[in-house]
**Student:** 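Dumping the structure here so I can ask a few things about it.
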Amino acid sequence: MQNKQRQASRKKGWRTASTSDIHELYELSVQEPEAEVDFIDQVWKELRGRKASSIREDFCGTAIASMEWVKRRKTNFAWGVDLDPEVLDWGRARLPDRLTPAQAKRLTLIEGDVLKTKIDPVDSLLAMNFSYYIFKTQKDIKKYFKCAFAALKNDGLFMLDAYGGSDSFLEMEEDRDLDGFTYIWDQAYYNPINGDATNHIHFRFPDGTRIRRAFTYHWRLWTLPEIRELLLQVGFQKVHVYWEGTDEETGEGNDEWTITDRGEACPGWIAYIVAEK
Ligand SMILES: C[S@@+](CC[C@H](N)C(=O)[O-])C[C@H]1O[C@@H](n2cnc3c(N)ncnc32)[C@H](O)[C@@H]1O
């Protein structure tokens, strides 16, 4: 067996439930910090003709996007906010491996509630991976959107993501084989009357072991028109939807995002929303 092949097969069989770390698996499965930071730069160039320097990453978890932000340019600063001390400690413990001391100085991790945390206004506020779906009523989500508005500088941009499509309203599971493990997105419960959804993330390993319910989310499945209207109601001037292009060969998303008013009525999509203060 060639050396490269041997390495690849060893790598594939390497993970098991007992040797795996759920935060590492989460980052590998659902996060693309470089692409996220590319997107922030793209939007700032398009809408403001310059680069942003300060971001606040709400619901930051391991804060990998904030870390990528401070790595990108010496003039960049980031604040990450999360309620959970355990996930923040996990991120903090990895700072020395991921950032130089100078980069780490430009990152502040805050244990706190996004509704109560106040820092100096920033260029961009991020709420990614649908984390703000925890707010289940118009009253509560508007409270958060008002905090986001107040957290931004006068020309600031609030960036969120959203998911939808016909499959999002179904109770179903979807598997994705990754490097040495399988990621399972489990839409376990959906109530069409009030929009409540419970989703889990499970992981399965080549030796048959599993980590069930590594993460569980109790969300309201908001739609794009609702989110846009509520953002406008709290004072944002304009709300854009960035829709992903399609790779003609694979039929999958191509990571190219453009502002549009017409999306595709497909089974599953993820979009970015950008609200201009
Ligand atoms: C879905 S994870 C998002 C992680 C990361 N932002 C990402 O893009 O993948 C949601 C995170 O939100 C945090 N969280 C939930 N409610 C919060 C609140 N009210 N204030 C701050 N963080 C909160 C949780 O502790 C969890 O780490």
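Counting starts at 1 for both ligands and their atoms, in listed order. Starting from 1, each residue takes its place in the sequence as its number.
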**Student:** Who's the nearest protein heavy-atom neighbour of atom 25 (O) of ligand 1, and how far?
**Tutor:**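 Nearest protein contact, heavy atoms only, for atom 25 (O) of ligand 1 is D82 OD1, 2.6 Å.
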
**Student:** What do you reckon, does V30 have a nitrogen or oxygen under 3.5 Å from a nitrogen or oxygen of ligand 1?
**Tutor:** no

**Student:** Using a 4.0 Å cut-off to any heavy atom of M128, which atoms of ligand 1 qualify?
**Tutor:** 6 (N), 8 (O)

**Student:** Please report which non-hydrogen protein atom sits nearest to atom 10 (C) of ligand 1, along with the residue it belongs to and the distance in Å to one decimal place.
**Tutor:**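 Checked against all protein heavy atoms, atom 10 (C) of ligand 1 sits closest to S131 OG, 3.7 Å.
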
**Student:** Is R56 salt-bridged to D58, going by a charged N under 4.0 Å from an acidic O?
**Tutor:**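 Salt bridge: yes.
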
**Student:** Determine whether the side chains of Q233 and K142 contain a donor N or O and an acceptor N or O closer than 3.5 Å.
**Tutor:** yes

**Student:** When you measure from atom 14 (N) of ligand 1 to every protein heavy atom, which one gives the shortest distance, and what is it?
**Tutor:**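 For atom 14 (N) of ligand 1, the nearest protein heavy atom is F59 CD2, 3.7 Å.
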
**Student:** Output every pair passing salt bridge (Lys or Arg N to Asp or Glu O under 4.0 Å) with a member in residues 81-100, not counting sequence neighbours, ordered by first then second residue.
**Tutor:**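 Listed by first then second residue: D21-R94, E27-R98, D89-R92.
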
**Student:** Output the list of atoms in ligand 1 that are nearer than 4.0 Å to some heavy atom of Q31, sorted by atom number.
**Tutor:** 5 (C), 7 (C), 8 (O), 9 (O)

**Student:** Below the 3.5 angstrom mark, is there an N/O of V87, backbone or side chain, next to an N/O of ligand 1?
**Tutor:**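 No, V87 has no N/O under 3.5 Å of an N/O on ligand 1.
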
**Student:** Short N/O distance, under 3.5 Å, between Y217 and ligand 1?
**Tutor:**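 No, there is no polar N/O contact under 3.5 Å.
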
**Student:** Need the ligand 1 atom indices (1-based, order shown) with element for anything under 4.0 Å from a heavy-atom of G112.
**Tutor:**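 Checking each atom against G112, I get 20 (N), 21 (C).
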
**Student:** Considering only protein heavy atoms, which is closest to atom 20 (N) of ligand 1, and at what distance to one decimal place?
**Tutor:**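 The protein heavy atom lying closest is V114 N, 3.0 Å.
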
**Student:** Closer than 4.0 angstrom, basic N to acidic O: yes or no for R73 and D41?
**Tutor:**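 Here R73 pairs with D41 in a salt bridge, since their nearest N and O are under 4.0 Å apart.
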
**Student:** Among all the protein's non-hydrogen atoms, which is closest to atom 8 (O) of ligand 1, and how far away is it?
**Tutor:** N129 ND2, 3.0 Å

**Student:** With respect to D58, determine whether any N or O atom, backbone or side chain, lies less than 3.5 Å from an N or O atom of ligand 1.
**Tutor:**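 Between D58 and ligand 1, no N or O pair is found under 3.5 Å apart.
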
**Student:** Nearest protein heavy-atom contact for atom 19 (N) of ligand 1: which residue, which atom, what distance?
**Tutor:**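 Answer, as residue, atom name and distance: D113 OD1, 3.2 Å.
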
**Student:** Are D179 and R15 ion-paired here, with the side-chain N under 4.0 Å from a carboxylate O?
**Tutor:**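 No, no charged N to carboxylate O under 4.0 Å.
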
**Student:** More than 12 heavy atoms of other residues, nucleotides or ligands under 6.0 Å from CD of E32: is that the case?
**Tutor:**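 At most 12 heavy atoms, drawn from other residues, nucleotides or ligands, come within 6.0 Å of this atom.
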
**Student:** Whether E34 and R72 form a salt bridge (side-chain N of Lys/Arg under 4.0 Å from carboxylate O of Asp/Glu) is what I want to check.
**Tutor:** no

**Student:** For the pair D261 and R228, find out whether any cationic side-chain nitrogen is under 4.0 Å from an anionic carboxylate oxygen.
**Tutor:**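 Salt bridge: yes.
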
**Student:** For atom 22 (N) of ligand 1, find the nearest protein heavy atom and state the residue, atom name and distance (0.1 Å precision).
**Tutor:** L83 N, 3.1 Å

**Student:** For atom 2 (S) of ligand 1, which candidate among F215, F130, Y26, W219 provides the closest heavy atom?
**Tutor:** Y26

**Student:** For T216 and H200, does a side-chain donor sit closer than 3.5 Å to a side-chain acceptor?
**Tutor:** yes

**Student:** Applying a 4.0 Å heavy-atom criterion (strictly less than), which segment of I134 is in contact with ligand 1: side chain, backbone, both, or neither?
**Tutor:**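 Under 4.0 Å from ligand 1, I134 contributes side-chain atoms alone.
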
**Student:** Between K277 and D123 (salt bridge meaning N to carboxylate O under 4.0 Å), is one present in this structure?
**Tutor:**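 Salt bridge absent between K277 and D123.
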
